[in-house]
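Data block below; observations after.
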Amino acid sequence: MKSKTCPAILIQAASYIYNNQFAKAFKLLDTFEPESIISEICKRVLMHPNEHTDNLFIEHLFGPSKQINLFDIVLRSVPCVTETTNLTFKILKDFYSQPCDSFTHINIGIGKGYFEKQLLTDLSKDENIKNIKKIKIIGLDIDNSSLRESEQNIKEASTLFSKNTIIEFLPICQFAETIPESFWTKIAKEHVDLLGVNCAFTLHHLQKNADRLTVLNNVAHCNPQLFTLIEPDSDHFTPYLPDRLVSCWNLFGTIFDMADVMKLTKDESDAIKYIFFGREIENILINGEWLRYEKHETSRHWLTRLIETGFKPLDISNYQINHPLLDLVNVNDGILTTAYNQIPLVSVIAVTK
């Protein structure tokens with residue numbers, strides 16, 4: 001178990017590092033004896049404050065330990081990730097279940113398309129859209145192999161619909177912030193009854209506020225009736241290292257506590273703590289601002305940015321989670337935030353244009 005609060009000695013060391021007083025920081029850290037995995041990882045990273053680290057989904061794009069493969073373990077084993085994904089699934093499924101002739105679904109960071117496969121599978125059983133004329137799915141990702149898997153998963157689910165239903169998949173291997181506005185404007189001009197957009201655990205990788213606004217402005221150009229966003233509710237965007245450390249400690253230390261209660265296998269636990277989240281902690285606590293890609297923000301910051309780009313919050317307070325370890329907090333203004341031991345973890349945000 002982690003300490004209830006981040007140890008003062010780690011915070012002081014982070015302050016020294018932020019002020020480039022490395023000798024003082026290392027001398028202090030040498031005296032610190034970690035009592036938990038989160039304290040062990042934090043100490044190790046602070047001892048190497050300028051070690052190079054790249055965008056994790058680029059640096060670890062190949063091999064069995066690539067970040068997207070490890071995320072599959074996180075998705076099924078970490079309740080706050082599983083439950084927010086399931087909750088978003090229900091919101092989108094209800095949205096697309098409205099009687100309609102056509103809908104377009106966009107996923108920014110589609111991964112392997114498991115979400116879309118299950119979504120299509122469930123929708124194929126719905127009488128309201130059993131004979132829908134056209135479904136278009138647009139998947140954005142930076143990993144070509146994941147997009148190929150998405151295509152296969154969507155193709156398999158497509159066979160469950162009527163032969164008169166056209167299901168089109170458009171894969172785009174590109175960073176979302178580099179896609180031109182004209183692409184999004186074209187989507188807005190296409191005749192479609194329903195347009196929904198989902199983005200899960202992706203936008204926090206954008207380093208600059210300007211890039212985040214670019215993506216959200218472009219999505220707004222499509223005029224989607226529904227835009228769902230899943231993001232950790234933690235502030236790792238701030239350049240001030242001691243504050244990042246405390247936020248990091250609270251978020252990941254709490255997730256590690258929850259993983260311990262879940263009694264995962266050693267392989268699952270190690271993959272989650274030391275590799276997947278361990279890599280994220282390394283990037284969050286690196287001293288060089290230009291090297292950081294794991295820049296989570298609070299739900300309120302995300303909502304403010306969404307409103308700034310023309311979106312309006314939707315009332316999703318009637319949706320619930322089903323895991324005994326989790327509570328829902330911040331159930332208002334289109335936000336549902338999961339918490340464990342009163343620590344906010346991951347949020348679902350739903351808005352409309």
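We're numbering straight along the sequence, starting at 1. What you see below is based on every heavy atom in this structure, not just the backbone, and it leaves out hydrogens, waters and symmetry mates.
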Compare all side-chain heavy atoms of [X] with those of [Y] and state whether any distance is below 4.5 angstrom.
{"X": "Ile321", "Y": "Leu336", "value": "no"}
{"X": "Arg305", "Y": "Trp302", "value": "yes"}
{"X": "Asn250", "Y": "Cys6", "value": "no"}
{"X": "Ile179", "Y": "Asn218", "value": "no"}
{"X": "Phe175", "Y": "Asp211", "value": "no"}
{"X": "Phe277", "Y": "Ile41", "value": "no"}
{"X": "Glu151", "Y": "Leu147", "value": "no"}
{"X": "Phe26", "Y": "Pro49", "value": "yes"}

When you measure from the side chain of [X] to the backbone of [Y], do you find a donor-acceptor pair of N or O atoms at a distance under 3.5 Å?
{"X": "Ser124", "Y": "Phe161", "value": "no"}
{"X": "Lys43", "Y": "Leu29", "value": "yes"}
{"X": "Asp141", "Y": "Asp143", "value": "yes"}
{"X": "Lys136", "Y": "Glu168", "value": "no"}
{"X": "Thr214", "Y": "Arg212", "value": "no"}
{"X": "Asp193", "Y": "Phe103", "value": "no"}
{"X": "Asn283", "Y": "Leu291", "value": "yes"}
{"X": "Glu294", "Y": "His236", "value": "no"}
{"X": "Arg76", "Y": "Thr82", "value": "no"}
{"X": "Asn153", "Y": "Lys112", "value": "yes"}

For a quick test of reading the model, state the closest non-hydrogen atom pair linking [X] to [Y] and the distance between them.
{"X": "Ser15", "Y": "Tyr240", "answer": "OG-OH, 4.2 Å"}
{"X": "Phe237", "Y": "Glu297", "answer": "CB-CG, 3.6 Å"}
{"X": "Phe311", "Y": "Val219", "answer": "CZ-CG1, 3.9 Å"}
{"X": "Gly111", "Y": "Ser150", "answer": "O-OG, 2.8 Å"}
{"X": "Asp327", "Y": "Gln342", "answer": "OD2-NE2, 4.0 Å"}
{"X": "Phe169", "Y": "Ile110", "answer": "CE1-CD1, 4.0 Å"}

side-chain contact (heavy atoms from CB on, under 4.5 Å) between Lys133 and Ile166, intermediate numbers included
CA-CA 6 Å; Lys133 292 179 181 177; Ile166 298 170; over 6 Å; no

Value rounded to 0.5 Å, distance of [atom1] in [X] from [atom2] in [Y]:
{"X": "Asp30", "Y": "Glu33", "atom1": "CG", "atom2": "CD", "value": "10.0 Å"}
{"X": "Lys273", "Y": "Leu264", "atom1": "NZ", "atom2": "CG", "value": "7.5 Å"}
{"X": "Arg44", "Y": "Leu285", "atom1": "CZ", "atom2": "CG", "value": "10.5 Å"}
{"X": "Ile255", "Y": "Met262", "atom1": "CD1", "atom2": "CE", "value": "12.5 Å"}
{"X": "Leu251", "Y": "Asp235", "atom1": "CG", "atom2": "CG", "value": "11.5 Å"}
{"X": "Gln98", "Y": "Phe95", "atom1": "CD", "atom2": "CZ", "value": "6.0 Å"}

Derivation of the ring-ring contact (aromatic ring centres under 6.0 Å, His included) call for Tyr96 and His105
CA-CA 9 Å; Tyr96 294 128; His105 168 77; 5.5 Å; yes

Side chains of [Y] and [X]: any donor to acceptor distance under 3.5 Å?
{"X": "Thr238", "Y": "Asp243", "value": "no"}
{"X": "Gln174", "Y": "Thr178", "value": "yes"}
{"X": "Thr265", "Y": "Asp267", "value": "no"}
{"X": "Asn217", "Y": "Thr309", "value": "no"}

With Arg300 as reference, evaluate Ile349, Asp333, Thr337 under the side chain to side chain contact (heavy atoms under 4.5 Å, CB included) test and give the passing residue.
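The single option meeting the side chain to side chain contact (heavy atoms under 4.5 Å, CB included) with Arg300 is Asp333.
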
According to a hydrophobic-cluster definition based on side-chain heavy atoms being under 4.5 Å apart (Ile, Leu, Val, Met, Phe, Trp, Tyr only), do [X] and [Y] belong together?
{"X": "Trp249", "Y": "Ile17", "result": "yes"}
{"X": "Phe89", "Y": "Ile108", "result": "no"}
{"X": "Leu328", "Y": "Leu314", "result": "yes"}
{"X": "Leu195", "Y": "Val351", "result": "yes"}
{"X": "Val346", "Y": "Leu303", "result": "no"}

Carboxylate-amine/guanidinium contact Glu289 Arg292, below 4.0 Å:
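Yes, charged N to carboxylate O under 4.0 Å.
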
Salt bridge between Glu177 and Lys208, side-chain N to carboxylate O under 4.0 Å?
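Looking at Glu177 and Lys208, the cut-off is not met.
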
Identified side chain to side chain donor-acceptor pair (under 3.5 Å) counterpart of Glu116 within the set Asn198, Asn107, Thr121
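Output: one option passes, namely Asn107.
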
Chi angles and distances behind the side-chain contact (heavy atoms from CB on, under 4.5 Å) call for Leu226, Val197:
CA-CA 6 Å; Leu226 175 63; Val197 182; over 6 Å; no

Report the C-alpha separation of Asn164 and Asn131 in whole Å, then their side-chain angles, then the decisive distance to 0.1 Å, and conclude whether the side-chain contact (heavy atoms from CB on, under 4.5 Å) test is met.
CA-CA 7 Å; Asn164 297 321; Asn131 297 309; over 6 Å; no

Check against side-chain contact (heavy atoms from CB on, under 4.5 Å), Leu46 and Phe32
CA-CA 12 Å; Leu46 291 175; Phe32 178 66; over 6 Å; no

With side chain to side chain donor-acceptor pair (under 3.5 Å) as the test, would you mind laying out the steps for Asp126 and Ser97 before giving the verdict?
CA-CA 7 Å; Asp126 194 307; Ser97 293; 3.1 Å; yes

Specify whether Phe252 and Phe256 have parallel, tilted or perpendicular ring planes, treating 30° as the upper limit for parallel and 60° as the lower limit for perpendicular.
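Ring orientation of Phe252 relative to Phe256: tilted.
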
Determine whether more than 12 heavy atoms belonging to other residues, nucleotides or ligands lie under 6.0 Å from atom NZ of Lys312.
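No, the 6.0 Å shell around NZ holds no more than 12 heavy atoms from other groups.
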
Can you confirm whether His301 is buried at NE2, in the sense that more than 12 heavy atoms of other residues, nucleotides or ligands lie under 6.0 Å from that atom?
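No, the 6.0 Å shell around NE2 holds no more than 12 heavy atoms from other groups.
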
